[in-house]
Undergrad: 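One structure coming up, written as structure tokens, with questions to follow.
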Protein chains: 2
Amino acid sequence: MVITSVDIAKASDILKLLGDKTRLSMVKTLDSEDVCVCEFVALYEMSQPAVSQHLRKLKDFGLVNEKKRGQWKIFSLNKESEYYPFVQSLLAHLPSQEDRLAELAQKGLRISCE
Amino acid sequence: MVITSVDIAKASDILKLLGDKTRLSMVKTLDSEDVCVCEFVALYEMSQPAVSQHLRKLKDFGLVNEKKRGQWKIFSLNKESEYYPFVQSLLAHLPSQEDRLAELAQKGLRISCE
DNA sequence: TCTTTATATAATTAATTGCTTATATAATAA
DNA sequence: TTATTATATAAGCAATTAATTATATAAAGA
């Protein structure tokens, strides 16, 4: 396994970004599936603007990509980011969030737009 | 390699703690050598109370240990912490801080108290 | 003893953060 | 067209953060 080096200042910026449980959970969730804004709103007890603002921060760091699908905005993890290996090594220690997405699907709150 | 799991809330707290370049640098530095407070004061352009406060936060999380040696307080990384594997996987991506310690030694600013 | 050195703690403050509400835009549905 | 749904942005605010200065304590040295 090749370990890419990230300078301290940039690394601490990324850790600060991920040092918020909502954003960290978002990134871990995106590690298994693409998710749209309204699904995140259903997933967290938080207003839609709050969710949008968290996602914007993740995007500003280039950690996630977004694409428009009809009225929905779908977010995905940017595996091309130079910081992806760094982030990935963190995510490996976190519990999978797939059950939370499954729960959402069971409530009929997942969108389908492919 | 066994990967230990850390829950999202605790992980985000640790990432927030390390999401400060001074504290992140301290932890990376301690990954190679034990360091006392006055050495950190020499290492960072920051007052002694600021350094003490950062070290206290690291200690409150159990990430570092301290021991008294005469008038000095020596800090070390707590490799017994349940979060050490998580932290270690981050540190692996950061550049070594050993040259900064060497520079300090060259200026005669390293203490010797063993 | 008195002074110096190393450290910790408390009070203060400026900057940052993460939410809220209000509002605007764009796409879809009726 | 009008209403609804999904999203983004702006303004405001309370809480948190990271530094500072001032001060206290303890150990070492003269």
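Reminder, nothing fancy here: chain letters follow the sequence lines and each chain counts from 1. Just so it is clear, the structure is predicted and the values come from calculations on it, not from any experiment. The figures that follow rest on heavy atoms only: side chains count, while hydrogens, waters and symmetry mates do not.
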Undergrad: Would you mind classifying the nucleic acid contact of A/Lys21 as base, sugar-phosphate or nothing, using non-hydrogen atoms under 4.0 angstrom?
TA: nothing
Undergrad: Say whether, by atom type as modelled, one donor and one acceptor occur between the side chain of B/Arg110 and the main chain of B/Leu101 under 3.5 angstrom.
TA: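 Checking the backbone N and O of B/Leu101 against the side chain of B/Arg110, no donor-acceptor pair under 3.5 Å is found.
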Undergrad: Please give, in whole Å, the distance from D/dA18 C1' to B/Leu17 CG?
TA: 13 Å
Undergrad: Are any of the side-chain heavy atoms of B/Leu91 and B/Leu77 separated by less than 4.5 Å?
TA: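 They are in contact (side-chain heavy atoms under 4.5 Å apart), so the answer is yes.
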Undergrad: What is the distance, rounded to the nearest whole Å, between atom CG of A/Leu15 and atom P of C/dT17?
TA: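 To the nearest whole Å, that distance equals 14 Å.
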Undergrad: Given D/dA6, C/dA8, C/dT21, identify the nucleotide with an atom nearest to the side chain of A/Pro49.
TA: C/dT21
Undergrad: Using distance alone, with no hydrogens and no angle criterion, decide if B/Glu33 and B/Thr29 have a side-chain donor and acceptor under 3.5 Å apart.
TA: no
Undergrad: D/dT7 C1' sits how many Å from A/Glu39 CD, rounded?
TA: 14 Å
Undergrad: What is the distance from CG of A/Asp20 to P of D/dA15, rounded to the nearest Å?
TA: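 Taking CG of A/Asp20 and P of D/dA15, I get 18 Å after rounding.
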Undergrad: Does C/dA8 have OP1 or OP2 sitting under 4.0 Å from an N or O in the side chain of B/Arg56?
TA: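 Negative; the distance criterion is not met.
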Undergrad: Calculate the interatomic distance between B/Lys67 atom NZ and D/dA26 atom C1'; express it in whole Å.
TA: 19 Å
Undergrad: If I take atom CG in residue A/Asp60 and atom C1' in nucleotide D/dA8, what distance separates them, rounded to the nearest angstrom?
TA: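 Checked: the CG to C1' distance equals 13 Å.
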Undergrad: Crowded around A/Lys21 NZ? As in, over 12 foreign heavy atoms under 6.0 Å?
TA: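 No, NZ of A/Lys21 has 12 or fewer neighbouring heavy atoms, counting only those of other groups under 6.0 Å.
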Undergrad: For the pair made of CD1 in A/Ile74 and P in D/dT7, what is the distance, rounded to whole Å?
TA: 7 Å
Undergrad: Between atom CG in B/Leu55 and atom C1' in C/dT9, what is the gap in whole Å?
TA: 14 Å
Undergrad: Is it the case that D/dA8 (base atoms only) and A/Gln48 (side chain only) share a donor and an acceptor within less than 3.5 Å, ignoring hydrogens and angles?
TA: yes
Undergrad: Verify the contact: side-chain N or O of A/Arg69 to OP1 or OP2 of D/dA6, cut-off strictly under 4.0 Å; return yes or no.
TA: no
Undergrad: Look at all strands and tell whether B/Lys59 reaches a base, only sugar-phosphate, or nothing, counting heavy atoms closer than 4.0 Å.
TA: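 The answer is nothing, as B/Lys59 stays clear of every strand by at least 4.0 Å.
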Undergrad: Do B/Met26 and B/Ile74 belong together in a cluster built from hydrophobic side chains that touch within less than 4.5 Å?
TA: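 Result: no, two separate clusters.
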Undergrad: Should the side chain of A/Gln53 and the base of C/dT17 be counted as holding a donor-acceptor pair, with the cut-off at 3.5 Å?
TA: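 Check fails, no donor-acceptor contact within cut-off.
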Undergrad: Pick the nucleotide of DNA chain C nearest each of A/Thr22 and A/Gln71; which residue has the one closer to the 5' end?
TA: A/Thr22
Undergrad: On DNA chain D, nearest-nucleotide positions of B/Lys68 versus A/Val51: which is more 5'?
TA: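 Going by which nucleotide is closer to the 5' end, it is A/Val51.
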Undergrad: Can you tell me if the side-chain N/O atoms of B/Ser52 get under 4.0 Å from OP1 or OP2 in C/dT7?
TA: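 No, no such contact exists.
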